[in-house]
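Quick note: numbers below take in every heavy atom, side chains included, and nothing from hydrogens, waters or symmetry partners.
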Amino acid sequence: TLGRDVLAMLDLHWISKKSTVANYLKLIAQYSHQLHVSDRKGAHASLQSLLGALTTDSGTELTKDAYTSLRTDIETLMQQ
């Protein structure tokens, strides 16, 4: 899952700070909850927030590989 990928990226040092991981996991949890309660608009908004955070953090908090991988996964989820 996306959350496991984020945790693995921390272990690989693709994401540099635990606080960044915590923020991403919070947004992923919000997305999951909103899907669970059938709030598709809210789920989409959470993914948009996660994309915004990735863009802000790219180059400083995450490697290019992490950014590319997560962005691709998030965009795929947004199309579902």
Using residues 46-56 as the side-chain source, report each donor-acceptor pair under 3.5 Å to any protein atom, sequence neighbours left out, with the distance given to one decimal.
residue	atom	partner	partner atom	Å
Ser46	OG	Gln34	OE1	2.6
Ser46	OG	Gly42	O	3.3
Ser49	OG	Ala45	O	3.2
Thr55	OG1	Leu51	O	3.0
Thr56	OG1	Gly52	O	3.0

Completion exercise
Closest non-hydrogen atoms of Ser58 and Tyr67, given as atom of the first, atom of the second and distance, are CB-CD1, 3.6 Å
Practice task
Work out which heavy atom in Ala66 is nearest to a heavy atom in Leu62; give both atom names and the distance.
Solution key: CB-CB, 3.9 Å
Handout entry: Pairs where residues 26-52 contributes a residue and the test salt bridge (Lys or Arg N to Asp or Glu O under 4.0 Å) is met, not counting sequence neighbours
Key = none
Fill in the blank from the handout: Quick note, salt bridge (Lys or Arg N to Asp or Glu O under 4.0 Å) partners involving residues 64-80, not counting sequence neighbours, are Arg71-Glu75
Practice task
Look up atom CE in Met9 and atom CZ in Arg4, then write down how far apart they are to the nearest 0.5 Å.
Solution key: 13.0 Å
Practice task
Sequence neighbours left out, what passes side chain to side chain donor-acceptor pair (under 3.5 Å) with Tyr24? Give chain and number order.
Solution key: Asp57
Exercise for the section: Measure the spacing between NE2 of His44 and CG of Leu35 and express it to the nearest 0.5 Å. Expected result: 11.5 Å
Fill in the blank from the handout: Applying salt bridge (charged side-chain N to carboxylate O under 4.0 Å, His left out) to Lys17 and not counting sequence neighbours gives Glu61
Handout entry: Contacts of type side-chain contact (heavy atoms from CB on, under 4.5 Å), residue Gln80, not counting sequence neighbours
Key = Thr76, Leu77
Problem - Leu10 vs Thr20 side-chain heavy atoms within contact, under 4.5 Å - result: no
Practice task
Hey, could you give me the CD1/CG distance between Ile28 and Leu70, rounded to the nearest 0.5 Å?
Solution key: 7.5 Å
